[in-house]
Amino acid sequence: IWDVETGECKQTLNGHTSYVMCCAVSRLGKWVYSTSGNETIVWDAVTGTEALFLPAIGEHFSSLAVGACGFFAVGSSTGHCYMAQAEGLL
């Protein structure tokens with residue numbers, strides 16, 4: 001995570017076991033969502049800790065979108081789309 005004004009790296013989010021395909025930030029900047037070939041992780045943007053881990057089940061995630069009301073969706077390379085809402089991550 002970089003400071004937009006200074007360009008300084010503030011956090012490195014370690015946890016993915018494959019390369020990251022997409023990432024997004026929640027509307028209020030509290031959560032960072034990232035998806036890789038084999039998992040989606042929701043991070044606490046302040047502490048850099050993992051708040052939610054979702055493994056891909058037999059598919060590779062290739063896209064990610066985050067809605068204003070706390071829902072997020074990931075798409076797979078096979079054309080499937082999965083939507084979730086992480087309780088407490090609104």
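Computed over heavy atoms, backbone and side chain alike; hydrogens, waters and symmetry mates excluded.
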Is [X] reaching over with its side chain to a backbone N or O of [Y], donor-acceptor style, under 3.5 angstrom?
X	Y	answer
Ser36	Val20	no
Gln11	Ala45	no
Glu8	Trp2	no
Glu39	Phe53	no

Discussion item. I need the Asn38 CG to Phe61 CZ distance, nearest 0.5 Å.
Written reply: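 Output value for this atom pair is 9.0 Å.
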Worksheet item: How far does CD of Glu50 sit from CG of Leu13, to the nearest 0.5 angstrom?
Response: 9.5 Å
Worksheet entry | Closest heavy-atom pair and its distance - Ser63, Cys22 | CA-SG, 3.6 Å
Worksheet item: Is there a side-chain contact between Ser34 and His16, using heavy atoms and a 4.5 Å cut-off?
Response: yes
Worksheet item: What about Leu52 and Val66, same hydrophobic cluster or not, with Ile/Leu/Val/Met/Phe/Trp/Tyr joined at side-chain heavy-atom distances under 4.5 Å?
Response: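 Same cluster: Leu52 reaches Val66 through Ile, Leu, Val, Met, Phe, Trp or Tyr contacts under 4.5 Å.
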Discussion item. Under the side chain to side chain contact (heavy atoms under 4.5 Å, CB included) test against Tyr33, which residue among Val42, Val25, Ile41 passes?
Written reply: Val42
Practice prompt. Indicate whether any N or O donor in one side chain lies under 3.5 Å from an N or O acceptor in the other, for Thr49 and Trp43.
Written response: no
Item to complete: Decide side chain to side chain contact (heavy atoms under 4.5 Å, CB included) for Val46 and Trp31; before the verdict, give the C-alpha distance in whole Å, the side-chain angles of both, and the deciding distance to 0.1 Å.
Response: CA-CA 8 Å; Val46 175; Trp31 307 106; over 6 Å; no
Worksheet item: Between Thr35 and Thr40, does a side-chain hydrogen bond (donor to acceptor under 3.5 Å, both in side chains) hold up when you go through it step by step?
Response: CA-CA 4 Å; Thr35 192; Thr40 298; 3.0 Å; yes
